[in-house]
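Structure below; questions to follow.
Please read all numbers here as calculations on a predicted model, not as lab measurements. We count residues from 1, following the sequence as given.
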Amino acid sequence: QLQLVESGGGLVQPGGSLRLSCAASGDTLDYYAIGWVRQAPWKPREGVSCISSSGSSTSYADSVKGRFTISRDNARNTVYLQMNSLEPEDTAVYYCATAYCGVAGPDGNFGTWGQGTQVTVSS
C-alpha cells in the first residue's frame, strides 16, 4: 500500500525559497504520476504542479509557473517541489498525491494523499 509523506515546509520571507519533498513508501513510485495540491483557508483547493511517472513530463498552474519546479528521483522514491520567489499568496498546506497530470497541474483521479506540510510566506 503506497504511503506518501510531505516534508520541507516552514516559514519563509517573501522572495525566499523552500524545497518540499514527497517521500513514498510501501510501493515503488515509478508507477505513479504525482501532483502537488495546496489548500489555503477560504480559497479553493488548487492543483499546483504535476509530474509524470517517468519524470519526462511536468506541468504547472499559471500562478506558480516560472517560480516552482517539480522533479523526481525514482531511485530515492521521492518527488520534490522547488519553490522560489515565494509570495504571501503561496501560503497554504501543500499536499502531494497520486493523480492524473493535466496541462496546468494535477487533473483529477486523486488516489493516495500525504498528510500535508504547511508553507507560510510572511515578512
Single-linkage hydrophobic cluster I34~Y31, side-chain heavy atoms < 4.5 angstrom: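 In one cluster: yes.
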
Side chain to side chain, V119 and L20, heavy atoms closer than 4.5 Å: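 Result yes, sub-4.5 Å side-chain heavy-atom pair found.
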
Distance-only side-chain donor-acceptor flag, R76 / N74, under 3.5 Å: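 On atom types as modelled, these side chains do not qualify, holding no pair under 3.5 Å.
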
Check: G116 main-chain N/O paired with E6 side-chain donor or acceptor under 3.5 Å: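 Judged by distance alone, yes, a pair lies under 3.5 Å.
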
Flag for T120-S122: side-chain donor and acceptor within less than 3.5 Å: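 No, because no side-chain N or O of S122 sits under 3.5 Å from a partner of the opposite role on T120.
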
Closest contact, heavy atoms only, L2 versus T112: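 Shortest heavy-atom contact: O-CG2, 3.4 Å.
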
Verdict with reasoning, Y80 to R72, per side-chain contact (heavy atoms from CB on, under 4.5 Å): CA-CA 6 Å; Y80 304 96; R72 67 191 300 155; 5.9 Å; no

Contact summary for D90 and R67, nearest pair of heavy atoms: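 In this case the closest contact between D90 and R67 is OD2-NH1, 2.7 Å.
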
F68 and S49: CA distance, side-chain angles, deciding distance, side-chain contact (heavy atoms from CB on, under 4.5 Å) verdict: CA-CA 8 Å; F68 291 10; S49 185; 5.8 Å; no

S71 OG to I51 CD1 distance, which is reported to the nearest 0.5 Å: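 So the OG of S71 and the CD1 of I51 are separated by 6.0 Å.
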
Expected output: side-chain S54 to main-chain S56 donor-acceptor under 3.5 Å: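 Answer holds: yes.
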
Student check: side-chain heavy atoms of V5 and Q115 closer than 4.5 Å: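 With C-beta onward as the side chain, the pair touches.
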
Exercise: identify the closest heavy-atom pair between Q118 and T91: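 Answer, listing the atom of Q118 first, then T91: NE2-CG2, 4.0 Å.
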
Working for side-chain contact (heavy atoms from CB on, under 4.5 Å), residues W113 and V37: CA-CA 10 Å; W113 291 78; V37 175; 4.0 Å; yes

Distance-minimising heavy-atom pair for S59 and G102: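 In terms of heavy atoms, the two residues are closest at OG-O, 2.6 Å.
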
Side-chain donor-acceptor contact under 3.5 Å, N84 with S17: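 Yes.
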
Pair E89, S63: side-chain N/O donor-acceptor within cut-off below 3.5 Å: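 Absent: no donor and acceptor within the cut-off.
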
Same cluster (ILVMFWY, side-chain, under 4.5 Å), Y95 and M83: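 Looking at the clustering, M83 is in a separate group from Y95.
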
Check: V79 and W36 side chains under 4.5 Å, non-hydrogen atoms: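 Contact flag for W36/V79 side chains = yes.
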
Side-chain heavy-atom pair L29, T78 within 4.5 angstrom cut-off: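 No, too far: nothing below the 4.5 Å cut-off.
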
Cation-pi geometry met for R38 and Y94 (6.0 Å, 45°):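 No, cation not above the ring by the 6.0 Å, 45° rule.
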
Closest approach of S123 to P14 (non-hydrogen atoms, all atoms of both residues):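 That would be N-CD, 3.7 Å.
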
T117 vs V93 side-chain heavy atoms within contact, under 4.5 Å: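 No - every pair of side-chain heavy atoms lies 4.5 Å or more apart.
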
Flag, side chain of N77 to backbone of A24, donor-acceptor distance under 3.5 Å: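 Looks like yes, one N/O pair under 3.5 Å.
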
Derivation and outcome, side-chain contact (heavy atoms from CB on, under 4.5 Å), residues Q1 and D27: CA-CA 6 Å; Q1 178 64 36; D27 198 5; over 6 Å; no

Separation between CG of L18 and CG of L81, rounded to the nearest 0.5 Å: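 Atom-to-atom, L18:CG and L81:CG are 9.5 Å apart.
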
Atom of C50, atom of G105 and distance for their closest heavy-atom approach: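 So the two residues come closest at CB-C, 3.6 Å.
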
R45 charged N/C atom sitting above F110 aromatic ring, 6.0 Å / 45°: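 The answer is yes, since R45 meets both limits relative to F110.
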
